Protein chains: 2
Amino acid sequence: MGRSRQFSRIPANEILQGDCIELMNALPEKSVDLVFADPPYNLQLQGDLTRPDQSKVNGVTDAWDQFASFETYDRFTREWLAAARRILKDTGAIWVIGSYHNIFRVGASLQDAGFWVMNDIVWRKTNPMPNFRGTRFTNAHETLIWATKSADQKKYTFNYDAMKALNEDLQMRSDWVLPICTGAERLKDETGDKAHPTQKPESLLHRVLLATTNPGDIVLDPFFGTGTTGAVAKKLGRNFIGLEREDKYIKAAKARIKAVQSSKAEDLKVTQSKRQEPRVPFGMLVERGLLEPGTVLYDPRRSVAAKVRADGSLVCKDATGSIHKIGAHVQGLEACNGWTFWHFKTDGKLKPIDLLRQKVRAEMGTA
Amino acid sequence: MGRSRQFSRIPANEILQGDCIELMNALPEKSVDLVFADPPYNLQLQGDLTRPDQSKVNGVTDAWDQFASFETYDRFTREWLAAARRILKDTGAIWVIGSYHNIFRVGASLQDAGFWVMNDIVWRKTNPMPNFRGTRFTNAHETLIWATKSADQKKYTFNYDAMKALNEDLQMRSDWVLPICTGAERLKDETGDKAHPTQKPESLLHRVLLATTNPGDIVLDPFFGTGTTGAVAKKLGRNFIGLEREDKYIKAAKARIKAVQSSKAEDLKVTQSKRQEPRVPFGMLVERGLLEPGTVLYDPRRSVAAKVRADGSLVCKDATGSIHKIGAHVQGLEACNGWTFWHFKTDGKLKPIDLLRQKVRAEMGTA
DNA sequence: TCCTGTACTGAATCAAGAC
DNA sequence: TGTCTTGATTCAGTACAGG
């Protein structure tokens with residue numbers, strides 16, 4: 001794309017093909033509310049890795065993850081960060097995800113560029129790949145950095161109460177426990193292999209977008225890949241702009257995002273974990289797509305109803321709050337276990353929402 | 001301290017007063033097994049912070065945590081890292097702990113200095129300070145970086161099996177859940193205030209030292225503070241060198257460490273890796289009469305068989321070689337651990353030949 | 001329908017020692 | 001120094017076949 005081309009309007013909910021730095025430079029300045037970036041990690045792998053059973057691990061070998069040196073990587077980082085900074089509104093913010101291979105360099109470059117770090121967030125994976133050789137600690141997490149445009153800018157979006165509601169009325173912490181992207185959510189190519197080597201789970205983006213954007217905001221992802229950011233943005237009523245170089249990813253992302261509208265209910269089968277049960281906030285059911293925002297919940301006799309919001313809070317006709325608080329409220333009680341009180345409709349029948357919690361627990365293990 | 005002063009011997013289990021860079025430069029090169037560093041975090045606090053009940057939070061306001069700019073902090077970081085690198089043995093390693101204020105800069109400087117990151121470790125606090133103003137996520141973790149002296153150096157200490165044992169026979173992950181330092185462990189000064197604003201829990205150092213040092217190793221802490229590293233090192237039978245500028249911290253650390261009782265050597269034995277057990281060639285089993293030449297070995301399903309020869313080689317129907325080579329051959333694999341693949345018959349049952357190796361090792365140990 | 005066993009997989013800077 | 005041999009090493013989860 002020529003340097004002279006400029007977008008005359010914001011290309012909302014589109015995927016633009018090309019180099020992300022050139023594309024960002026062609027967008028109007030101060031036009032975007034949030035940048036979410038999952039840049040190349042600059043892995044430096046040597047040779048093949050086999051599991052103890054001699055099967056081969058299918059690692060990241062793509063050309064886009066290859067950099068000649070730290071210096072080259074730093075230059076690339078500084079350039080795309082500068083471009084992102086220009087298009088961000090003064091009240092905007094940026095998220096970047098990475099691992100120990102690159103996150104220190106990205107974080108330092110962020111600070112050098114004038115961004116102001118609000119939090120570093122640890123994504124603790126419930127099901128990471130083990131260390132097969134027994135030579136290190138299992139690499140069980142990735143790091144996200146959330147930063148605003150500058151220290152001076154005191155206005156920024158942080159939906160504190162939504163995050164608190166998502167975590168059952170406790171402040172959301174800087175460590176998030178979420179499974180990696182597998183199963184039906186993981187996109188496959190024509191041959192049945194994974195379409196993208198590093199697809200992120202939608203639950204992660206759900207939390208990021210819910211925390212730091214409002215409906216109608218514009219979210220730009222300069223490393224769009226197969227479009228997790230776009231899919232979640234659409235689901236949550238945010239606008240996205242996706243930048244991506246590769247045809248095959250764009251194709252997959254387009255098909256994926258188009259299908260988001262018809263969000264069909266997931267298979268709700270329940271597997272009970274035998275292990276000790278980890279705490280599952282109600283908001284996680286929404287985050288993980290087991291309950292859509294807007295779903296109506298009922299008491300066992302169907303005499304009262306309440307609606308689920310995107311942050312896991314409930315709304316009844318005269319109050320808003322957690323499943324427990326609203327359950328107590330509608331009964332005129334001091335307290336109530338919302339997990340057994342509230343039911344959702346499936347196949348015309350009412351089932352307690354606790355069933356869904358059990359499903360999540362089974363998927364999470366003890367973590 | 002003058003630049004000319006050099007230590008003629010390793011000042012083991014001492015606290016040296018002065019600037020950590022000058023002191024490290026006065027130590028002999030390649031003399032230390034591990035550096036554990038808890039450098040100033042370069043916090044950038046503005047004004048006082050009060051709790052919701054209007055009580056004042058007693059934060060870090062000490063002069064040693066003040067730096068004029070990122071550039072100043074980076075220069076300081078590069079200098080102490082270079083000094084630490086010089087005194088580290090080639091097989092040595094370094095740990096650094098920090099928060100989002102400084103850890104990205106420290107991590108990038110580590111990589112630039114040639115250190116090779118093995119893991120970043122997340123210390124997940126069970127009881128973090130909440131975010132009183134509701135403006136961010138609760139900052140509930142700190143980050144540690146574990147790095148070896150270089151990527152080429154393949155020899156380093158990692159007590160994999162001890163870590164696995166510590167985690168109920170599952171690989172130790174990169175996220176550690178530990179409470180912050182409170183209660184009796186937290187040192188107080190004469191007035192009853194906390195003696196040091198950022199005292200780390202001993203449990204954290206316990207895990208670090210157990211994982212990456214052996215009894216008798218020398219552990220240097222350039223930012224010794226009130227001596228958590230020294231206290232745990234003494235307890236675990238490691239030698240420490242503490243560098244610290246401030247009188248009051250040195251005084252507190254000395255009293256603290258004096259009160260620590262070392263564990264008995266026998267209690268400090270940890271689960272050993274099989275790699276460190278004496279090597280027993282398969283032929284030794286034949287040599288020592290545990291297997292007669294001509295004995296037939298089977299895979300676990302008895303679908304293939306091979307015969308033992310007097311020199312410890314195996315013969316199957318179309319090949320001859322070591323237990324590993326023939327094990328791989330009959331399975332059509334690249335590699336195979338013959339010790340667990342091949343089984344011998346005893347009392348009509350199949351048992352892995354590894355049992356016989358263990359028997360030999362036990363006999364060798366008592367010999 | 002439910003349970004069991006087998007096969008497969010995920011951002012991974014993944015070996016060490018003898019000769 | 002490189003080459004070759006030895007032999008150490010995995011967790012949570014999904015998918016599917018078979019009983």
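Atoms considered below: every heavy atom in the structure, side chains included; atoms not considered: hydrogens, waters and symmetry mates. We name chains A, B, ... by the order of the sequence lines, and we start the count at 1 in each one. What you are looking at is a predicted structure, and each value in this text was computed from that prediction instead of being measured.
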Could you tell me if the side chain of [Y] sits less than 4.5 Å from the side chain of [X], heavy atoms only?
X	Y	answer
A/Q66	A/T61	no
A/I97	A/W123	yes
A/V106	A/Y73	yes

[X]-[Y] side chain donor-acceptor pair, cut-off 3.5 Å:
X	Y	value
A/D189	A/H196	no
B/D175	B/H141	no
A/S99	A/H101	yes
B/Q171	A/T138	yes
B/S174	A/R136	no

Looking only at the side chain of [X] (C-beta and beyond, no hydrogens), which of the listed nucleotides [options] gets closest?
X	options	answer
A/L49	D/dG7, D/dC11, C/dC14	C/dC14
A/T126	C/dA12, D/dG13, C/dA11	D/dG13
A/H101	C/dA11, D/dA8, C/dA12	C/dA12
B/S273	D/dT6, C/dA12, D/dT9	D/dT9
A/P52	D/dT9, D/dT14, D/dC11	D/dT9
A/S55	C/dG10, D/dA8, C/dT9	C/dT9
A/R133	C/dC14, D/dT9, C/dA11	C/dC14

Which residue lies more 5' along DNA chain D, comparing A/Q54 with B/Q171 via nearest heavy atoms: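 Looking at DNA chain D, the more 5' nearest nucleotide goes with A/Q54.
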Considering every strand and a 4.0 Å limit on heavy-atom distances, what is the contact class for A/N139: base, sugar-phosphate, or nothing?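 Here A/N139 touches the backbone only, sparing every base.
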Using a heavy-atom cut-off of under 4.0 Å over every strand shown, decide if A/P39 touches base, sugar-phosphate, or nothing.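 The residue A/P39 makes base contact.
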Within less than 4.0 Å of OP1 or OP2 of [N], is there a side-chain N or O belonging to [X]?
X	N	result
B/K164	D/dT10	yes
A/R124	D/dA12	no
A/R51	D/dT9	no
B/R173	D/dT10	no
A/K194	C/dG10	yes

Spacing between [X] atom [atom1] and [N] atom [atom2], to the nearest angstrom:
X	N	atom1	atom2	answer
A/F132	D/dT9	CZ	P	14 Å
A/D48	D/dT9	CG	P	21 Å
A/H141	D/dC11	NE2	C1'	17 Å
A/R136	D/dT9	CZ	C1'	15 Å

More than 12 heavy atoms of other residues, nucleotides or ligands under 6.0 Å from [atom1] of [X]: yes or no?
X	atom1	result
B/K325	NZ	no
A/K188	NZ	yes
B/K307	NZ	no

How are the rings of A/F67 and A/F76 set relative to one another: parallel (under 30°), tilted (30 to 60°) or perpendicular (over 60°)?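 Aromatic pair A/F67/A/F76 classed tilted.
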Using a cut-off of strictly less than 4.0 Å between a heavy atom of the residue and any atom of DNA chain C, enumerate the qualifying residues of residues 219-232 of chain A by number.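 Nucleic-acid contacts, sorted: none.
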Which residues in residues 322-334 of chain B have at least one heavy atom lying under 4.0 Å from any atom of DNA chain C?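 Close to the strand, none.
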Contacts of type side-chain hydrogen bond (donor to acceptor under 3.5 Å, both in side chains), residue A/R186, not counting sequence neighbours: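 Checked A/R186 against side-chain hydrogen bond (donor to acceptor under 3.5 Å, both in side chains); zero matches.
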Using the [atom1] atoms only, state how far [M] lies from [N], rounded to an integer number of Å.
N	M	atom1	answer
C/dA16	D/dT10	P	15 Å
D/dA12	C/dC14	P	23 Å
D/dA8	C/dA12	P	25 Å
D/dT9	C/dC8	P	24 Å
C/dG10	D/dG7	P	32 Å

Can you list everything that forms a ring-ring contact (aromatic ring centres under 6.0 Å, His included) with A/F137? Sequence neighbours excluded, please.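 Applying ring-ring contact (aromatic ring centres under 6.0 Å, His included) to A/F137 gives B/W146, B/F158, B/W176.
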Which helical stems does DNA chain C take part in, if a stem means at least 3 consecutive Watson-Crick or G-U pairs with both distances below 3.5 Å?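 Stem list for DNA chain C: C:2-10 with D:11-19, C:15-19 with D:2-6.
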Polar atom pairs between nucleotides 16-19 of chain C and protein, under 3.5 Å, N or O only, would you list them?
| unit_1 | atom_1 | unit_2 | atom_2 | d |
| --- | --- | --- | --- | --- |
| C/dA16 | OP2 | B/K154 | O | 3.3 |

Taking the nucleotide of DNA chain C with the closest heavy atom to each, which residue, A/N58 or B/Q111, is nearer the 5' end?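 Here A/N58 is the residue nearer the 5' end.
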What verdict does the side-chain hydrogen bond (donor to acceptor under 3.5 Å, both in side chains) test give for B/T148 and B/Q153, after you've listed the backbone C-alpha separation in whole Å, the side-chain angles of each residue and the deciding distance to 0.1 Å? CA-CA 8 Å; B/T148 57; B/Q153 180 61 46; over 6 Å; no
I need the A/N42 CG to A/W64 CH2 distance, nearest 0.5 Å.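 A/N42 CG to A/W64 CH2: 11.5 Å, rounded to 0.5 Å.
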